[in-house]
Amino acid sequence: MPSSVEALANLPLRDDLVGLHPYGAPQLDVPILLNVNENTYGVPADVHAAIVEAVAEATQGLNRYPDREFTELRKNLAAYLGHGLTPDQLWAANGSNEVLQQVLQAFGGPGRTAIGFPPTYSMYPLLASGTGTRYVTAARGAAYTMTPEGTARAVRDSGANIVFLCSPNNPTGTALGLDVVEAAYEAGEDARAIIIVDEAYGEFAQEGTASALTLLPGRPRLLVSRTMSKAFALAGARIGYLAAAPEITDALRLVRLPYHLSAITQAAANAALTHADTLLANVEAIKVQRDRIVRELEALGLSPAPSDSNFVFFTGLDDPHRVWQGLLDAGVLIRDVGIPGSLRVTAGTEAETTAFLKALATLL
Ligand SMILES: *Cc1c(COP(=O)(O)O)cnc(C)c1O
């Protein structure tokens, strides 16, 4: 029997997919999972009860297709985000990954180019290749920062049709200044580039960090994506969304699959949104642990990046793989993002954070 690699090589796979590797953060059975930036608090009891009740009701109508326009969800998302947004400016899909894929399907594709600024979210190049979009990259400055001038130059020089700005950035954790977003938008004027600000971790931002949602008025090519996977502790439910000009959501309707958001997904999302306050209380608790990790890593002589997210990226390790493995042996799984001297850890509950910090101190 051929190995699965040989079997795959025998398939008439699209040329541009040959040799690519699927997204693959390890899913290991470890007591403390701090590797993929999930919300480790779990779903609070009142949110759980509300979702069960809403899903039970939705189940009674499962013989019918769901509301294709997810009308109630758009209303709830607009109310949750605020900033004067209206339901026709909201779009949702099965995770913000699907939202981003739909954006590429509508505005990318063969003959078009997307640009990213690594190290950044590893899905951008995969979503680009899946949609036949060329993906190019531009370098960041010192300590992974981005400046308005450097970003504008990269956007202009690349002639990109789609610009991925991840803020707070995964894996480094730091948010972008809005001046960077504005500069990217203006530099994309000639190519009429779509500027996507991926705010998957927006709720975890530090006081005073502004959301790109504030820039939406008057900028029809600006898109801000969010997710319920992180702050809302609903990674398993697969709900992501974006806010943009109404004509953007019209464009996305052209590429979405019919009835892409199941009635169960819509019911779960709506129920969770009615309990946003409970969920955001856990966000505050996670931010406390996040700031604690930054302080304690500094005390250990490491260099954590400033974090506006629910994770901390840190450098200063001689042998990150040894530390990663040592933590795993101690029952703590974190992420090796492949950047020399560095690792990334999700902020968990107080107990999980303590376990991580203790195990790390022992290893150093
Ligand atoms: C986790 C994450 C997402 C969210 O993906 P979902 O499909 O909504 O679960 C999007 N962007 C970034 C940068 C992320 O880290």
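Values reported hereafter were calculated over all heavy atoms of this structure, with side chains retained and with hydrogens, waters and symmetry mates removed. Counting from 1, the numbers follow the sequence of the chain as shown.
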Quick check: closest heavy atoms across F107 and A251, and the distance to 0.1 Å? CZ-CB, 3.7 Å
Path from L81 to L280 over hydrophobic side-chain contacts below 4.5 Å: yes
For T59, the side chain to side chain contact (heavy atoms under 4.5 Å, CB included) test, sequence neighbours excluded, returns V55, L62
Testing the 3.5 Å rule here: is there a donor-acceptor pair between the side chains of Y144 and N169? no
Quick check against the 3.5 Å criterion: does E199 have a side-chain atom that pairs as donor or acceptor with the backbone of A212? yes
Please tell me whether I339 and V312 are part of a single hydrophobic cluster in this structure, the criterion being side-chain heavy atoms less than 4.5 Å apart. no
What is the minimum heavy-atom distance between P320 and S342, and which atoms define it? CB-O, 3.6 Å
Check against side chain to side chain contact (heavy atoms under 4.5 Å, CB included), L357 and L297: CA-CA 8 Å; L357 289 167; L297 292 182; 4.3 Å; yes
Set of residues satisfying salt bridge (charged side-chain N to carboxylate O under 4.0 Å, His left out) with respect to E182, sequence neighbours excluded: R219
E284 and V288: CA distance, side-chain angles, deciding distance, side chain to side chain contact (heavy atoms under 4.5 Å, CB included) verdict: CA-CA 6 Å; E284 289 309 309; V288 169; 5.8 Å; no
Of the non-hydrogen atoms in L104 and A114, which two are nearest, and what is the gap between them? CD2-CB, 4.4 Å
Pairwise side-chain contact, P217 with H83, heavy-atom cut-off 4.5 Å (strictly under): no
Cut-off 3.5 Å, no hydrogens considered: what does the side-chain donor-acceptor table look like for residues 183-197, sequence neighbours left out?
residue : atom : partner : partner atom : Å
Y185    : OH   : R221    : N            : 3.1
E189    : OE1  : R221    : NH2          : 3.4

Partner set under side-chain hydrogen bond (donor to acceptor under 3.5 Å, both in side chains) for T278, not counting sequence neighbours: D46
Partners meeting salt bridge (charged side-chain N to carboxylate O under 4.0 Å, His left out) with E296 (sequence neighbours left out): R292
Side-chain contact test, heavy atoms from C-beta onward, threshold under 4.5 Å: evaluate it for L165 versus S167 and give yes or no. no
Do R290 and Q206 have side-chain heavy atoms sitting under 4.5 Å apart? yes
Taking a hydrophobic cluster as the set of Ile, Leu, Val, Met, Phe, Trp and Tyr residues connected by side-chain heavy atoms closer than 4.5 Å, whether directly or through intermediates, do L360 and F313 fall within one such cluster? no
pair L279-P44: side-chain heavy atoms closer than 4.5 Å: yes
Can you confirm whether more than 12 heavy atoms, excluding those of R153, are under 6.0 Å from its CZ atom? no
Taking side chain as C-beta onward, heavy atoms only, is S211 less than 4.5 Å from R226? yes
Within the side chain of N310, is there an N or O that forms a donor-acceptor pair under 3.5 Å with the backbone of A347? no
Is the number of heavy atoms from other residues, nucleotides or ligands under 6.0 Å of E53 CD greater than 12? no
Centroid-centroid distance, F204 to F311, less than 6.0 Å: no
Is there a donor-acceptor contact under 3.5 Å from the side chain of S158 to the main chain of A154? yes
Verify, without hydrogens or angle tests, whether Q266 (side chain) and D67 (backbone) share a donor-acceptor contact under 3.5 angstrom. yes
Charged N-O contact under 4.0 Å between R295 and E298: no
Scanning both residues in full, the closest heavy-atom pair of G348 with T40 reads CA-OG1, 3.3 Å
Identify every side-chain donor-acceptor pair in residues 89-103 under 3.5 Å, counting partners at least two apart or on other chains, and give the distances.
residue : atom : partner : partner atom : Å
Q89     : OE1  : T86     : N            : 3.1
Q89     : OE1  : T86     : OG1          : 3.3
Q89     : NE2  : A244    : O            : 3.3
W91     : NE1  : Q102    : OE1          : 2.8
N94     : ND2  : E98     : OE1          : 3.0
N94     : ND2  : H260    : O            : 2.8
N97     : ND2  : Y121    : OH           : 3.0
E98     : OE1  : N94     : N            : 2.8

May I ask you to decide if I162's main-chain N or O and R112's side chain share a donor-acceptor pair within less than 3.5 Å? no
Determine whether a donor-acceptor pair (N or O, by modelled atom type, separation under 3.5 Å) exists between the side chain of E350 and the backbone of Q289. no
Do you reckon L126 sits in the same ILVMFWY cluster as F164, going by side-chain contacts under 4.5 Å, direct or chained? yes
For the hydrophobic clusters of this structure (ILVMFWY residues joined by side-chain heavy atoms under 4.5 Å, transitively), does one cluster hold both V136 and V180? yes
For residues 27-35, which side-chain donor-acceptor pairs fall under 3.5 Å, sequence neighbours excluded?
residue : atom : partner : partner atom : Å
N35     : ND2  : P26     : O            : 3.2

Within a strict 4.5 Å, meaning less than it, do heavy atoms of the L273 and F232 side chains meet? yes
Cluster companions of L11 among Ile, Leu, Val, Met, Phe, Trp, Tyr (side-chain spacing under 4.5 Å): L8, L13, L17, V18, L20
Side-chain contact, heavy-atom cut-off 4.5 Å: F314 with I293? no
Would you please name every residue forming a side-chain hydrogen bond (donor to acceptor under 3.5 Å, both in side chains) with D308, sequence neighbours left out? T209
Looking at Y259, I want to see if its OH is surrounded by more than 12 non-hydrogen atoms of other residues, nucleotides or ligands under 6.0 Å. yes
Rounded to the nearest 0.5 Å, how far apart are SG of C166 and CE of M146? 10.0 Å
For residues 123-135, which residue pairs qualify under side-chain hydrogen bond (donor to acceptor under 3.5 Å, both in side chains), counting only residues two or more places apart or in two chains? T113-R134, Y124-D198, T131-T133
According to salt bridge (charged side-chain N to carboxylate O under 4.0 Å, His left out), who are the partners of D250, at least two apart in sequence or on a separate chain? R253
Given 3.5 Å as the limit, does a donor-acceptor pair link the side chain of T346 with the main chain of N37, or not? yes
In terms of heavy-atom contacts, A271 and A50 come closest through CB-O, 3.6 Å
Could you tell me whether K75 and E69 have a side-chain N and a carboxylate O separated by less than 4.0 Å? no
Taking all non-hydrogen atoms of both residues, which atom of L252 and which atom of A106 are closest, and how far apart? CD2-CB, 4.2 Å
Going by heavy atoms in the side chains, are R322 and L363 under 4.5 Å from each other? yes
Got a donor-acceptor contact below 3.5 angstrom from the T151 side chain to the E149 backbone? no
Show me, pair by pair, the donor-acceptor contacts under 3.5 angstrom made by side chains of residues 324-338, not counting sequence neighbours?
residue : atom : partner : partner atom : Å
W324    : NE1  : I334    : O            : 2.7
Q325    : NE2  : D329    : OD1          : 3.1
D336    : OD1  : G338    : N            : 3.0

Go through the steps to decide whether Y241 and F70 satisfy the test ring pair (Phe, Tyr, Trp, His ring centres under 6.0 Å), and finish with yes or no. CA-CA 12 Å; Y241 54 99; F70 41 99; over 10 Å; no
Assess whether side chain to side chain contact (heavy atoms under 4.5 Å, CB included) is satisfied between R238 and T265, documenting all intermediate values. CA-CA 8 Å; R238 312 304 304 128; T265 303; 5.9 Å; no
Exceeds 12 heavy-atom contacts within 6.0 angstrom, atom NE2 of H48: no
